[in-house]
Amino acid sequence: MKKYLFFRIIRSIVSIFLVTTLTYIIIYSLVPRRDVFKNDAMVSKLKSDPDKLTDYMDNAYSKMNYIEYLDTKSLIAKASTKDKEVTSAHTAENKKAIDAWAKKNGFKVHRYEESKDYYATRDLPLLERLGRFYGNLIEIDHPWAVKDPKNPNLKRYLRFENDKLAGFALVGSGTKYRYQIYFNSSFPFIHQNIIHINLGTSYPTYAGLPVSSVLGQRQGQAVSKEYTFSNGQKLNSSDNIYSRQYQPVAKQDDMARERYGDYYTKTSQNYADPSMIGTSFKSGMIALLITYIISIPMAILMARFKGRLFDKIGTGIVTVLISVPSLAFIYAFRYVGSAAFGFPDSFPTLGAENINSWVLPTFILGFLSVSSMVIWFRRYMIDQQSSDYVKFAKAKGLDDGEIYRKHILKNASIPIVQGIPGQIIGLITGATMTETIFAMPGMGKMLPDSIIAHNNPLVISLVFIFTTIAVFSVLLGDILMTLVDPRIKLETGDD
Amino acid sequence: MADTTNKLNHDDDFTLVEVDNRITEKIDTPKYSYWGSVAKQFFSNKVTIAMLILVIIILLMSFIQPLFSGYNLMDVSKVNDFAARYNWPNATYWFGTDADGKSLFDAIWAGARTSISIGVIATLITTFIGVVVGAVWGSSKKIDRFMLELYNIISNVPLLLIIIVLSYTFGNGFWNLIFAMTVTSWLSTAYFIRVQVMIMRDREYNVASRTLGTPMNRLIIRNILPYLTSVIVTQISQLLPSFIGYEVFLSFLGVGLSPDVPSLGRLISQYSPYMTSYSYLFWLPVLVLAMITVSLYIVGQNLADASDPRTHM
């Protein structure tokens, strides 16, 4: 079993890797890179100034890892050697030095249209970009992570201490993050800053932000809380003190420096609403529960009264629901929910803090998979009813209720568990639709949004996240199944 | 003593019957024709007939009506004609008109034509490739190894995700969308057929057939695939509505088709702001869409039931 699990996990990771790589390759080789600027207001604004436009576009390309870009200043800095200073003057000597440097490093030298200054670009080959993507994917923090030439005496340590701000925590110095492990009252209570997933930089929407914080950072309005800072000052601040990061000395702000008493002054903010991942996760889990709570009793009743009125009506409803396209389904239920029960038909109307805005998207997401679940589970129950052990129990004189409770339901828990991965994959699909229609700020809505905005890094990250969830939910479902039914052996049941 | 004189002549009571070799060769069983039984079974259900009529009406409307209406999504000739705008359904405009004074009736059938065409073409391609590959897959152990790994990788990824990402990378367009839809979805059909082929492959009659020297491909085409007719029809009846649904959702997002192609999804997304003000504009396309997929699904399911020989008894 252990050996099997090990190989199974490896295969899952390979599968995630292959899907993400394929997506990466086809997106970056097939989507024209100019499309990024299709809806960019800056491009039309800068049209009158071709130099700035070139600079802006090449900067954007370099942020997205299409090219490496050196503007005049950094090109000159790179091309200069100790014994020979290159200047920005358009002399033959400078040109020769720049050309020589560019040739050596594989760069191409261009000149800005108006100022005729030099700049250089290098197209990154797809493989190198892929390498960078995976190379930077997992960042592990350590006490030698910060290299600030202006701060040579930075202490480097990792130790447990009772911090004035964060309480008991594993505090680092020389690390990128101040608090490596910390505890607080929000779920899951123990938090870490040691391993970070870096999925690249988002562009053109959420321009410049890391993709991981677009998806993982809380949203909405900033919330401030009163803190007693290490210098004794009591202040209302919306800084998320747990996210304190090293701020290079050149960018240090004296006030913040004094407040925190160290170099770790770069913080993110505390926001009121859950992150995109959190939003999707919360609503998805509740939707999963709703699916099971509705479909299992319904399927059991339909199987028990097979061929009677309840079964016939149920089958009719399920047939219609399964064949209606999800879009029509969602709109119809949304209309019923807002007209008859008065729930808001759009998430932002009341916002995330009001529970009413969660009701319709979550319930509809749950309803979406009820029909297929009912059909499947009813079929299973009916097969169980006609199986030999049930006939035997009947012959022995057990009444129907007892057979159901004690025997059929126990056996029926196997497909309930078996169905979980499929349901989770279904939830991802469903959430893409419900979140889009309800304008719910979750990952599902982000996928179409980022595609329309041509935000390639975000598209790839979402594919990566969704594939990871799907692959591991299948794995988890299989493991759960062996726990529920010891007769199932994964080793042999695989091929 | 034997009475020989009073010999009765019984020859008149019996006639000599000639032995007819042809009749003795005939086996007297009730006549059975597979497709005849399928048709009999199929048409015995009233709901099916009603749905079939609905399907035929919808198909005729969406493939003939646009030829006469000449509906063009880009046509804005009536945009300044205030009388033509926002007419609720009436005798001239059966389904009313929209902000540009275009008839919704024309729009719906032109859109339905695109949506149905995409659904049908994608289903045919998926089923054809799926059945062919699945049959080969089920019969060869070497191919099975490779295909199983491929299937494990692809099947874990939600299909909608694949379709969205592919239609984004290939750009907008009718055939691009069909390509995006079919490029991986045949795998699940193929896997399904593979399982069925594997079950059938080792049945006694096939073992016997193989012992007698039937080659594998003949075995699959003649012995196994006819058994899978009802299974394949079931697959088709599930694929068709789901492809139409995907097309509608993609057009709704504005990803799949180019902007000048009318489709039900585009209509629904275009008219969704009018859900409360001019509700007919939004709900009529949704209703037609639901009618298309529900009727196709029910007809398909019943056809699948009817094509299963076990229901013919």
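In what follows, every chain begins at residue 1, and chains take the letters A, B, ... in the order their sequences are listed.
To the nearest 0.5 Å, atom CG of residue A:Leu22 and atom CD1 of residue B:Ile162 are 10.0 Å apart. Taking CG of A:Leu327 as the start and CD of B:Glu247 as the end, the distance is 10.5 Å to the nearest 0.5 Å. For the atom pair B:Met291 CE and A:Ser323 OG, the distance stands at 12.5 Å (nearest 0.5 Å). Rounding to the nearest 0.5 Å places CG of B:Leu253 at 9.0 Å from CG of A:Asp449. Rounded to the nearest 0.5 Å, atoms CD1 (A:Ile25) and OG1 (B:Thr169) are 12.5 Å apart. With rounding to the nearest 0.5 angstrom, the OG atom of B:Ser269 is 10.5 Å from the CD1 atom of A:Ile437.
Heavy-atom pairs under 4.5 Å with chain A were tallied for B:Leu161, B:Ile244, B:Leu264, B:Val286; the largest tally goes to B:Leu161. Per-residue heavy-atom pair counts under 4.5 Å with chain B were compared for A:Thr432, A:Asp345, A:Leu321, A:Thr436, and the maximum is reached by A:Thr432. Among B:Leu289, B:Val47, B:Leu296, B:Leu250, the residue making the largest number of heavy-atom pairs under 4.5 Å with chain A is B:Leu289. Interface remark: of the candidates A:Ile428, A:Val474, A:Ile27, A:Leu18, A:Ile27 forms the most heavy-atom pairs closer than 4.5 Å to chain B.
Heavy atoms closer than 4.5 Å to chain A are found in the side chain of B:Ile268, but not in its backbone. With a 4.5 angstrom heavy-atom cutoff, B:Tyr168 touches chain A via backbone and side-chain atoms both. Using a 4.5 Å cut-off between heavy atoms, A:Thr23 contacts chain B through its side chain alone, with no backbone atom that close. Both the backbone and the side chain of B:Ile164 come within contact range of chain A, with heavy atoms under 4.5 Å apart. Residue B:Ile298 touches chain A through its side chain alone, counting heavy-atom pairs closer than 4.5 Å. Using a 4.5 Å cut-off between heavy atoms, B:Leu166 contacts chain A through its side chain alone, with no backbone atom that close. For A:Leu447, the part lying under 4.5 angstrom from a heavy atom of chain B is the side chain only. Heavy-atom distances place the side chain of B:Val255, and not its backbone, under 4.5 Å from chain A.
For the pair B:Asn152 and A:Arg11, the minimum side-chain heavy-atom distance is below 4.5 Å. Using a 4.5 Å heavy-atom cutoff, the side chains of B:Tyr297 and A:Val324 are not in contact.
Around OH of A:Tyr134, the count of heavy atoms belonging to other residues, nucleotides or ligands within 6.0 Å exceeds 12. Annotation for B:Tyr151: atom OH counts as buried by contact number, over 12 foreign heavy atoms lying within 6.0 Å.
Pairing each heavy atom of A:Pro325 with each of B:Ala290, the nearest pair is CD-CA, 4.4 Å.
Of the possible donor and acceptor atoms, none in the side chain of A:Thr429 sits under 3.5 Å from a partner among the backbone N and O of B:Leu160.
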Checklist entry - Stepwise, does the side-chain contact (heavy atoms from CB on, under 4.5 Å) test hold for B:Val165 with A:Val459? => result CA-CA 8 Å; B:Val165 170; A:Val459 173; 4.2 Å; yes
Item to check | Worked verdict on A:Tyr335 versus B:Trp283 for ring pair (Phe, Tyr, Trp, His ring centres under 6.0 Å) | outcome: CA-CA 11 Å; A:Tyr335 180 73; B:Trp283 287 110; 5.3 Å; yes
